[in-house]
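Remarks on the structure that follows.
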Amino acid sequence: IKQYGQLRAIGATKKQIKQLVLYEGKNLSRKYIPIGVIFGCLMSWILSGFHWNAAPSFSLAFLAGLLTKVTVRASLNAPSKFASRISPITAIRHVDADVNTKKEKRNSKRLTPFSLAALNLSRSRKKTVLTLLSLFLSGTLFVSLGTLLNSVDPISKAEKYFPNHGQFDIQINNDLYSETTSLSDLQTEGQLSTSLKNKILAINEVEDVIEHQYIEAAIEGIKTDDGAAIVSIENIPTLYNERWSSHLAEGKIPDVDSSDASYILLNSASSDLDYYGAHYAVGDHISFIIANDQEKAKHDFEIIGDIPDKNSGTSFYLPPKVMQTTAPFNSNKSYEVITMDKANEELIKSELEGMILNEDTLKLLSFSEVVESNRIAFRTITISVYSFMVFIAVFSMINLLNTIITTISARKGELGLMQAIGMGRKQLMAMLTYETGFLVVGSFTMALVTGNLMGYMISKSAGNMGGLSYIQYQFPWSAIFLYFLVILLVQTGMVQFVRRTISKQSIIEQLN
């Protein structure tokens, strides 16, 4: 303020002062935005496993640089206007405080390091609020995203492939799907046969084998730009069927042992039906075309019940016996292998791999391997997200450090005067420690409450979305503990920085 006032005193206009501040921002932007963009591209290249796609990356880099430049320009408006309004008289009588005389008078009877710290923070309310807000936002982001990441359950996600709590799943290899090869074409080869099932059951310590049947069928009468409206039909599970009753919205569930090919069960919450704009209700009639590259069959059904389940992509369900008679090919999609307690899984896995070694359309999934694969994927995402949050937090720490430095620099004479009239160095340090503590601990407390609340809402909302039921809110103990350690280190670092800054100058030097 003093420097800008001096420039005004020697003839600088308001417009020139404003342009001076804007030029500082432009100068920094020209130097450092390209460096940041290049560093960002390098990080992207490393995180993508060196499989970097240059064209979209350069486009995003350009947009990132442009957005940063616009952000810098927008953030300079307020300080440039503030600087342009400084008069020479303001510079001469400037004291970096907006003193509330009533409040000082009220607090003058009980001056302590704590009350002085509160008073000093209240004197520069805008600076205090902006610093607190910066720390609060980065802390809230950290806690809320930490809550979401902590709420992802890799075991629950893996159970999608093992609904009967099996340990292995032999299934048709979906890597073979293509524009010319559909699921029904692969099912036609009939490699998931009864003889294979009997061989699996003959393995020592295998308790049961559950068939999962699946058909891709075209709804007659609905055409899209891509051709027929293809939906999925699965068998009603033979185990845990009682759990479906609690989700039944209307009608009834066909008997699992029924061979009546007149009725079908609807999942009105299916994303496929929503995509095609097809809406059905109990009592409606629907016709399907089921075909492969060799045969085609048409079947009519009456919808007998509705189980809306947005976590399942399946549109319709039929009893297992009806599935077998409906499709002109083997409708089996997988065999879920249930083992005995404390079974030798490595030995069973080896025998299963030997059975399908020559079956080119089949692959083996292990529950434990799928869980571990999910954990690795979530761990990679967690590291990437936390790395991003660290970058955000660094800017908040820089803002806090800048606030502390400018506060001590502007109040150098005031701090020297306090010591001159009897304030001890320990009391002075306590006052400055309380000031940083108000900002750091205060923002931590607010971020802890707000971030956890936001994380809870995000986790609940995500868990209610189709296919994301494995996201269930869990209190983020690890994220909060990590955040607490970071805040503790920041507070300790701030205290040490303040101590060294004060100790470098004597009282006489501070008063000059």
Side-chain angles (χ1 to χ4, degrees), residues 47-51 148-178 181 183 186-187 189 191-193 196-214 232 234-235 237-240 311-314 332-386 462-463 466-472 474 478:
L47 291 174
S48 62
F50 307 105
H51 299 290
L148 177 61
L149 292 171
N150 189 64
S151 299
V152 176
D153 185 2
I155 296 178
S156 179
K157 188 175 188 300
E159 287 175 348
K160 173 184 177 182
Y161 302 101
F162 304 86
N164 299 291
H165 309 299
Q167 294 301 316
F168 299 97
D169 194 66
I170 297 177
Q171 59 181 231
I172 292 178
N173 191 353
N174 52 15
D175 295 333
L176 301 177
Y177 296 176
S178 67
T181 304
L183 171 64
L186 298 174
Q187 288 174 315
E189 299 187 23
Q191 292 186 336
L192 287 171
S193 60
L196 177 61
K197 180 179 179 180
N198 292 332
K199 289 179 182 178
I200 298 172
L201 286 170
I203 297 176
N204 189 31
E205 296 184 318
V206 168
E207 186 174 295
D208 198 2
V209 175
I210 307 298
E211 295 180 4
H212 294 297
Q213 298 166 294
Y214 188 95
S232 55
E234 283 189 23
N235 66 289
T238 53
L239 297 180
Y240 307 107
N311 289 311
S312 171
T314 304
N332 289 337
K333 186 183 180 182
S334 70
Y335 283 156
E336 184 178 353
V337 181
I338 301 175
T339 63
M340 299 178 183
D341 292 338
K342 299 180 181 180
N344 188 336
E345 292 187 13
E346 288 299 321
L347 182 60
I348 296 174
K349 179 183 176 182
S350 177
E351 293 195 44
L352 292 175
E353 287 175 335
M355 287 182 183
I356 65 171
L357 185 62
N358 298 321
E359 308 290 346
D360 54 355
T361 64
L362 301 181
K363 69 176 181 179
L364 176 66
L365 287 183
S366 165
F367 179 75
S368 57
E369 290 177 355
V370 172
V371 170
E372 184 59 27
S373 176
N374 291 339
R375 284 201 175 105
I376 293 172
F378 293 148
R379 191 180 301 123
T380 302
I381 295 172
T382 300
I383 292 172
S384 300
V385 171
Y386 277 134
L468 297 178
S469 60
Y470 55 86
I471 299 179
Q472 296 295 327
Q474 298 289 333
S478 56

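Predicted, not measured: the structure shown is a model, and the values here were computed from it.
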Residues in side-chain hydrogen bond (donor to acceptor under 3.5 Å, both in side chains) with Q167, at least two apart?
none
Would you please name every residue forming a side-chain hydrogen bond (donor to acceptor under 3.5 Å, both in side chains) with E159, sequence neighbours left out?
none
With S151 via side chain to side chain contact (heavy atoms under 4.5 Å, CB included) - residues at least two apart:
T147, S459, I471, Y473, Q474
Can you sort out the partners of D153 under side chain to side chain contact (heavy atoms under 4.5 Å, CB included), two or more places apart, ordered by chain and number?
I155, S156
Under the rule for side-chain hydrogen bond (donor to acceptor under 3.5 Å, both in side chains), what residues qualify as partners of E336, not counting sequence neighbours?
N164, H212
To the nearest 0.5 Å, tell me how far L201 CG sits from D208 CG.
6.5 Å
Counting heavy atoms not belonging to N358, are there more than 12 under 6.0 Å from its CG?
no
Closest non-hydrogen atoms of A158 and N374, given as atom of the first, atom of the second and distance, are N-ND2, 3.6 Å
According to side-chain hydrogen bond (donor to acceptor under 3.5 Å, both in side chains), who are the partners of S366, at least two apart in sequence or on a separate chain?
S368
Looking at every heavy atom in both L149 and I381, which two are closest together, and how far apart are they?
CD2-CG2, 4.2 Å
Residues forming a side chain to side chain contact (heavy atoms under 4.5 Å, CB included) with S193, sequence neighbours excluded:
S195, L196
Under the criterion side chain to side chain contact (heavy atoms under 4.5 Å, CB included), I'd like the reasoning laid out for K363 against Q171: C-alpha separation, chi angles, the key distance, then a yes or no.
CA-CA 6 Å; K363 69 176 181 179; Q171 59 181 231; 3.2 Å; yes
What are the two closest heavy atoms between Y214 and E234, and how far apart are they?
CD1-CG, 3.4 Å
Starting at CG of L186, measure out to CG of L192 and round the result to the nearest 0.5 Å.
10.5 Å
Inter-residue atom distance I338.CD1 - I210.CD1, 0.5 Å rounding
4.5 Å
Which pairs pass ring-ring contact (aromatic ring centres under 6.0 Å, His included) with one or both residues in residues 338-379, sequence neighbours excluded?
F162-F367
Got a donor-acceptor contact below 3.5 angstrom from the N235 side chain to the Q213 backbone?
yes
Applying side chain to side chain contact (heavy atoms under 4.5 Å, CB included), can you list everything that pairs with Q191, at least two apart in sequence or on another chain?
E189, E359, D360, T361, L362
Cut-off 3.5 Å, no hydrogens considered: what does the side-chain donor-acceptor table look like for residues 340-356, sequence neighbours left out?
{"from": "N344", "atom 1": "OD1", "to": "E346", "atom 2": "N", "distance (Å)": "3.4"}
{"from": "N344", "atom 1": "OD1", "to": "L347", "atom 2": "N", "distance (Å)": "3.2"}
{"from": "K349", "atom 1": "NZ", "to": "E369", "atom 2": "OE2", "distance (Å)": "2.1"}

Under the rule for salt bridge (charged side-chain N to carboxylate O under 4.0 Å, His left out), what residues qualify as partners of E211, not counting sequence neighbours?
K197
